Amino acid sequence: MSFPSAQELESHLATRSYVDGFTPSQSDVVVFKSLAAAPSASEFPHTARWYSHIQTFSAEHDTLGGGAFAAKLFGAAPSASSAAPAAAPAAAAAADDEDIDLFGSDDEEDDAEAERIKAERVAAYNEKKAGKAKVAAKSVVTLEVKPWDDTTDMAELEKNLRAIEQDGLVWGLSKLVPVGYGVNKLQITLVIEDEKVSLDDLQDRIAEDEDHVQSSDIAAMQKL
C-alpha cells in the first residue's frame, strides 16, 4: 500500500472525500490500485466507502486529472494520461476525422463515380461518429442536512439518507459539523449523473424524513 499502514489511510480519509482535493484524481487512482482488495467496511469504514466511490470511476481512471500529489506523497509517477487528460481523446478524434476524406480527390474525372465515393465516405464518417460512446456528465455535490435540535439521532438521520437509492446517485463520505448549542448538521458528499438525478427531487425525498430532517442545502457543487 502506498500509505505506511491501512490505519493511516483510514485516518487520512476520515475527514476527506478524496485522497487529494475535492474531486477524483490520479492520487485516488494510485492509492486505489495499490490495494489488493476492497477494505473491510467494519474495520475501515472510511476507506471502504472511498474505495466503493472511486470504483465507480473505473472506466475514467486513465483520464482523471491530477497526479502530482500522488507522485510527491506516495512515490508514484502520474500516468501519461493525467498530464494531458483531454489531449488523447482530442488527438484520437482528430485522427479519426483525418482518416476519412469527405470530398475525394480533385483529380476525379468521372463526376458520377466521384459523387458515389463521396457519399460512401460521408456515410462512413457519420456512422463512426454515431458509434462513439457519450460520456455521462457528472457533478460532485456537498449537501448539508440540518436536524431539528440536539436531541435528533444523527446516526439514524444518515442511515435514512443513505437508504435513498437511485440510478446515477452515489453517496460519498460524511461528517458532522457543529452549528451551535450542541446541534450538529450532517455534511455529506455525493456524485450524481446530471441527466438522471434532479437535486430538487432528491431534496424533496430527504425532507420526507420529517422526524429527523429540518432542512437541506447545497453547500457546493462542481462538474467533473
Side-chain angles (χ1 to χ4, degrees), residues 1-41 43-97 128-143 162 165-175 188-197 199 220-224:
M1 190 187 297
S2 298
F3 277 84
S5 69
Q7 190 56 54
E8 289 197 28
L9 176 59
E10 175 71 8
S11 299
H12 183 79
L13 293 172
T15 57
R16 298 170 175 83
S17 297
Y18 302 100
V19 170
D20 177 37
F22 301 98
T23 60
S25 70
Q26 289 300 315
S27 297
D28 296 283
V29 175
V30 168
V31 179
F32 179 88
K33 291 183 176 180
S34 73
L35 301 178
S40 167
E43 188 175 2
F44 305 108
H46 298 296
T47 306
R49 188 177 302 163
W50 165 85
Y51 186 94
S52 298
H53 179 47
I54 298 303
Q55 194 170 37
T56 65
F57 294 92
S58 295
E60 304 167 42
H61 278 183
D62 290 340
T63 58
L64 290 176
F69 181 83
K72 178 180 178 182
L73 187 57
F74 310 116
S79 65
S81 60
S82 69
D96 286 347
D97 292 347
K128 181 173 289 189
K129 285 292 185 182
K132 290 183 178 179
K134 180 181 178 182
V135 178
K138 295 181 180 181
S139 298
V140 178
V141 180
T142 300
L143 184 69
R162 292 184 180 277
E165 296 182 349
Q166 182 179 345
D167 185 28
L169 168 64
V170 178
W171 294 106
L173 299 181
S174 65
K175 64 180 179 179
I188 188 167
T189 301
L190 54 146
V191 176
I192 62 171
E193 289 188 32
D194 298 342
E195 292 186 358
K196 295 181 179 180
V197 180
L199 288 176
M221 182 174 179
Q222 183 174 353
K223 298 291 185 181
L224 290 180

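For clarity, every value in this text was computed on a predicted model and none was experimentally measured. Hydrogens, waters and symmetry mates are skipped; everything else that's a heavy atom, side chains included, is used.
A side-chain contact (heavy atoms from CB on, under 4.5 Å) with Met221 is found for exactly one of Val140, Val141, Leu143, namely Val141.
Looking only at distances, a side-chain donor or acceptor of Glu10 sits under 3.5 Å from a matching main-chain atom of His46. Remark: side-chain polar atoms of Gln166 are paired, donor with acceptor, to backbone N or O of Lys196 under 3.5 angstrom.
Applying the side chain to side chain donor-acceptor pair (under 3.5 Å) criterion to Tyr18, with sequence neighbours excluded, gives His53. For Tyr51, the ring-ring contact (aromatic ring centres under 6.0 Å, His included) partners at least two apart in sequence or on another chain are Phe32. Shown here are the side chain to side chain donor-acceptor pair (under 3.5 Å) partners of Ser139, two or more places apart in sequence or in another chain: Asp194, Lys223. In this structure Arg16 satisfies the side-chain contact (heavy atoms from CB on, under 4.5 Å) test together with His12, sequence neighbours excluded. Checked against side chain to side chain donor-acceptor pair (under 3.5 Å), Thr189 has the following partners two or more places apart in sequence or in another chain: Ser17. For Ser40, the side-chain contact (heavy atoms from CB on, under 4.5 Å) partners at least two apart in sequence or on another chain are Ser42, Glu43.
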For Trp50 and Asp28: C-alpha separation, side-chain torsions, deciding distance, then whether side-chain contact (heavy atoms from CB on, under 4.5 Å) applies.
CA-CA 9 Å; Trp50 165 85; Asp28 296 283; 2.8 Å; yes
side-chain contact (heavy atoms from CB on, under 4.5 Å) between Ile54 and His61, intermediate numbers included
CA-CA 9 Å; Ile54 298 303; His61 278 183; 3.7 Å; yes
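When side chains are defined from C-beta on, Glu60 does not count as touching Pro24, because their heavy atoms never get closer than 4.5 Å. You'll find the side chain of Ile188 reaches within 4.5 Å of the side chain of Trp171, heavy atoms only. With a 4.5 Å cut-off on side-chain heavy atoms, Leu9 and Leu35 count as touching. Contact annotation: the side chain of Thr142 never approaches that of Phe22 to less than 4.5 Å [non-hydrogen atoms, C-beta and beyond].
Considering every non-hydrogen atom in both Asp20 and Ser25, the closest pair reads O-OG, 4.0 Å. Between Ala48 and Ala41, the shortest heavy-atom distance links the atoms CB-CA, 3.7 Å. When all heavy atoms are compared, the tightest approach of Val19 to Ser27 is CG1-CB, 4.0 Å.
Between the CD atom in Glu193 and the OG1 atom in Thr56 there is a gap of 9.0 Å [rounded to 0.5 Å]. Rounding to the nearest 0.5 Å places CZ of Arg49 at 6.0 Å from CG of Leu173.
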